[in-house]
Amino acid sequence: MGYPVVEHEVPSQYLHWSPFVFLARTGYNHSMPKLLAPAAELVKRPQSFEEITSRPCYSAPLDYTEHVLREVLTDYHFGKEIPCGLKSCRQPHMHGFLVLTEDGAETNIGQRCGQTHFGDEVFNRARSEYSRRREREELVARAQQIQAATPQIEHQINDLVQRNFGAKWAMRVTMSLQGVIGSGLVESLRTAALRDELAVTVSRRRTEEDIDDILATNRGMSRERAIYEYQVIGRLLPATWLDFDFRERLIVNLLGPIKAFKEMKPDDMPSPRLKAEVKRFDGAEKTVDDAAEATSSALRFLSHENLELLAQWIPAHLKGSGAALRSWMESSQFRTLLQGAPK
């Protein structure tokens, strides 16, 4: 374990303090002499109290008045309470920290007793520095994990784009529908799917007797409102693929950037940039799954029963589009589309 090294002349009574203790107790700022104390290696989060007490430098009960807090080595979270390592505390807790003192002793403490016995400023600074280092360590590890998985991610995306009923084919379905019923109706269909307004209704003119009965039991209703009744005859299958931007989400956001990301060196990257890159690719698996489901929704949507409901969903003043849809369902173009993407 390393000890403080002097970069500039510093009063000898401060030499055993780590940088954050030095700053907290003396008020030195970054323009003043610095102490370069190599930080101790972080400890893997323990899964049991025995992992803490079996460490060679572990000491409890420890008299905090004879030690100076240097840094936090790890946090821990147990399912049962364990005693605090400080002699003046010993209160049981389930969540706390393994800490290192300036003379090399280790003990376990809870957050409150750490602040109470070592001081808010010193303890909070040590805890903040630990949080920063732990976050950085986990960020780098996650980035390296993603880099190792990039060949698999690239394969999954390329396969999904090119497969028989994949992303390219789903985009072809959209273009075909736009050519048959028009872009406006396809956009209305996309909106209806987003709002889950997929019920298909038909109107039927009531008999004069039915109209009179309704008006008699609903005083104040106009005759015009009573003329027709509306019946739900079914629900369209969700057109999920219409709202999934395959090119943007698979190619632009993932496949393109991942080629550059796998060549990067996470250890050398600043944390904000590394965090943004990890966030981008952390969701890659879900994005691919969502894209796969979207392409499947396109195939399900093309069932004969569903397209017949779609023809009836089209507003009455656009009946020509409904007729065009029914004609397309019987065409060779439609049969070819159902065979998937061309090889």
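Just so you know, these numbers use all the heavy atoms, side chains as well, and skip hydrogens, waters and symmetry mates. Because the structure is predicted, anything quoted here is derived from the model rather than measured.
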> What's the verdict on side-chain contact (heavy atoms from CB on, under 4.5 Å) for L236 and L189, showing C-alpha distance, side-chain angles and the deciding distance?
Replying inline: CA-CA 10 Å; L236 290 172; L189 180 60; 3.8 Å; yes
> Taking C-beta and beyond as the side chain, do R223 and D212 meet within less than 4.5 Å on heavy atoms?
Replying inline: yes
> About how many Å separate CG of L160 and CG of L255, when rounded to the nearest 0.5 Å?
Replying inline: 11.0 Å
>> Applying side-chain contact (heavy atoms from CB on, under 4.5 Å) to M269 and E277, what does each step give before you reach the verdict?
In response: CA-CA 10 Å; M269 295 173 66; E277 294 293 339; 4.1 Å; yes
>> Minimum heavy-atom separation for S303 and L237, please, with both atom names.
In response: OG-CD1, 4.5 Å
> Is the closest basic N to carboxylate O distance between D196 and R235 below 4.0 Å?
Replying inline: yes
>> Can you tell me how far apart CD1 (I146) and CD (Q152) are? Round to the nearest 0.5 Å.
In response: 12.5 Å
>> Do R249 and L254 have side chains that approach each other closer than 4.5 Å (heavy atoms only, starting at C-beta)?
In response: no
> Distance only, no hydrogens: is a donor on one side chain within 3.5 Å (strictly under) of an acceptor on the other, for W241 and T174?
Replying inline: yes
>> Let me check something: do F301 and I233 share a hydrophobic cluster, defined by ILVMFWY side-chain heavy atoms less than 4.5 Å apart, either directly or through other members?
In response: yes
> Taking the side chain as C-beta and beyond, is there a heavy-atom pair between F281 and P257 under 4.5 Å?
Replying inline: yes
>> Regarding R273 and D268, does a basic nitrogen lie under 4.0 Å from an acidic carboxylate oxygen?
In response: no
> How about D210 and T207: does a side-chain donor come under 3.5 Å of a side-chain acceptor?
Replying inline: yes
> Within the distance-only criterion (no hydrogens, no angle test), does the side chain of D159 pair as donor or acceptor with the backbone N or O of H155 below 3.5 angstrom?
Replying inline: no
> Does any N or O in the side chain of E71 come within less than 3.5 Å of the main-chain N or O of L69, such that one atom is a donor and the other an acceptor?
Replying inline: no
> Can you check whether F334's main-chain N or O pairs, donor with acceptor, with S331's side chain at less than 3.5 Å?
Replying inline: yes
>> Taking atom CD as the centre, does E41 end up with more than 12 heavy-atom neighbours from other residues, nucleotides or ligands that are less than 6.0 angstrom away?
In response: no
> Donor-acceptor pair, Q91 side chain versus C84 backbone, under 3.5 Å?
Replying inline: no
> Salt-bridged, R142 to E138, with N to O below 4.0 Å?
Replying inline: no
> How long is the gap from CD1 on I258 to CD1 on I157, to the nearest 0.5 Å?
Replying inline: 6.0 Å
>> If we ignore hydrogens and angles and just use 3.5 Å, is the side chain of Q147 paired with the main-chain N or O of M264 as donor and acceptor?
In response: yes
>> So which atom in R172 and which in G340 form the shortest heavy-atom distance, rounded to 0.1 Å?
In response: NH1-O, 3.3 Å
> Can you tell me if N306 and H304 form a side-chain donor-acceptor pair at under 3.5 Å?
Replying inline: no
>> Working note: M94 + I82, criterion side-chain contact (heavy atoms from CB on, under 4.5 Å); need CA distance, chi angles, decisive distance, verdict.
In response: CA-CA 6 Å; M94 293 190 292; I82 62 172; over 6 Å; no
>> Show, in sequence, the C-alpha distance, side-chain angles and deciding distance for E66 and D63, and conclude whether the side-chain contact (heavy atoms from CB on, under 4.5 Å) test is met.
In response: CA-CA 6 Å; E66 298 177 0; D63 186 348; 3.6 Å; yes
> Parallel, tilted or perpendicular: which fits the ring planes of H77 and H95, with parallel below 30° and perpendicular above 60°?
Replying inline: tilted
>> Check this for me, if you would: do E135 and K275 make a salt bridge, where the nitrogen-to-carboxylate-oxygen distance has to be below 4.0 angstrom?
In response: yes
>> So E293 and D289, do their side chains get closer than 4.5 Å, heavy atoms only?
In response: no
> Are any side-chain N or O atoms of N218 and backbone N or O atoms of M221, one a donor and one an acceptor, separated by less than 3.5 Å?
Replying inline: no
> Does any N or O in the side chain of R326 come within less than 3.5 Å of the main-chain N or O of A311, such that one atom is a donor and the other an acceptor?
Replying inline: no
>> So which atom in K87 and which in R90 form the shortest heavy-atom distance, rounded to 0.1 Å?
In response: O-CG, 3.8 Å
>> Using the rule that Ile, Leu, Val, Met, Phe, Trp and Tyr join whenever any side-chain heavy atoms are under 4.5 Å apart, tell me whether L310 and V202 fall into a single cluster.
In response: yes
>> Within a 6.0 Å radius of atom CZ on R300, are there more than 12 heavy atoms belonging to other residues, nucleotides or ligands?
In response: yes
>> What I'd like to find out is whether the side chain of F123 reaches to under 4.5 Å of the side chain of I109, using heavy atoms alone.
In response: yes
> Are any of the side-chain nitrogens in E330 or R335 under 4.0 Å away from the carboxylate oxygens of its partner?
Replying inline: no
> Can you get from Y130 to V140 by hopping between Ile, Leu, Val, Met, Phe, Trp and Tyr side chains that sit under 4.5 Å apart?
Replying inline: no
>> Any heavy-atom pair between the side chains of L100 and C57 that's under 4.5 Å?
In response: no
> About how many Å separate OG of S297 and CG of D243, when rounded to the nearest 0.5 Å?
Replying inline: 10.5 Å
>> Would you say L177 ends up clustered with V200 if hydrophobic residues are merged whenever their side chains have heavy atoms under 4.5 Å apart, either directly or through other cluster members?
In response: yes
> Counting distance only, does the side-chain N/O of R136 pair as donor-acceptor with the main-chain N or O of D267 below 3.5 Å?
Replying inline: yes
>> Is it the case that the side chains of R134 and T74 hold a donor-acceptor pair, with the cut-off being a distance below 3.5 Å and no angle test?
In response: yes
> Do the side chain of W313 and the main chain of A199 share a donor and acceptor less than 3.5 angstrom apart?
Replying inline: no
> Is there a donor-acceptor pair closer than 3.5 Å between any side-chain N or O of R247 and the backbone N or O of V252?
Replying inline: no
> Mind checking whether W328 and L309 sit in one hydrophobic cluster, side chains of I, L, V, M, F, W, Y counted as touching below 4.5 Å?
Replying inline: yes
>> Any heavy-atom pair between the side chains of E154 and K259 that's under 4.5 Å?
In response: yes
> For the atom pair CZ (R163) and CG (N158), what is the distance rounded to the nearest 0.5 Å?
Replying inline: 11.5 Å
> Where do W169 and L337 come nearest, in terms of heavy atoms and distance?
Replying inline: NE1-O, 2.8 Å
>> Which heavy atom of L185 sits nearest to which heavy atom of P315, and what is that distance?
In response: CD2-CD, 4.0 Å
>> For residues 107-118, which residue pairs pass the side-chain hydrogen bond (donor to acceptor under 3.5 Å, both in side chains) check, not counting sequence neighbours?
In response: Y58-N108, Y76-N108, S88-H117, Q111-R127, Q115-N124
> K319 and A316: which non-hydrogen atoms are nearest, and at how many Å?
Replying inline: CG-O, 2.8 Å
>> Rounded to the nearest 0.5 Å, what separates atom OG in S176 from atom CD1 in I181?
In response: 11.0 Å
> Is the shortest heavy-atom distance from the side chain of V43 to the side chain of R55 under 4.5 Å?
Replying inline: yes
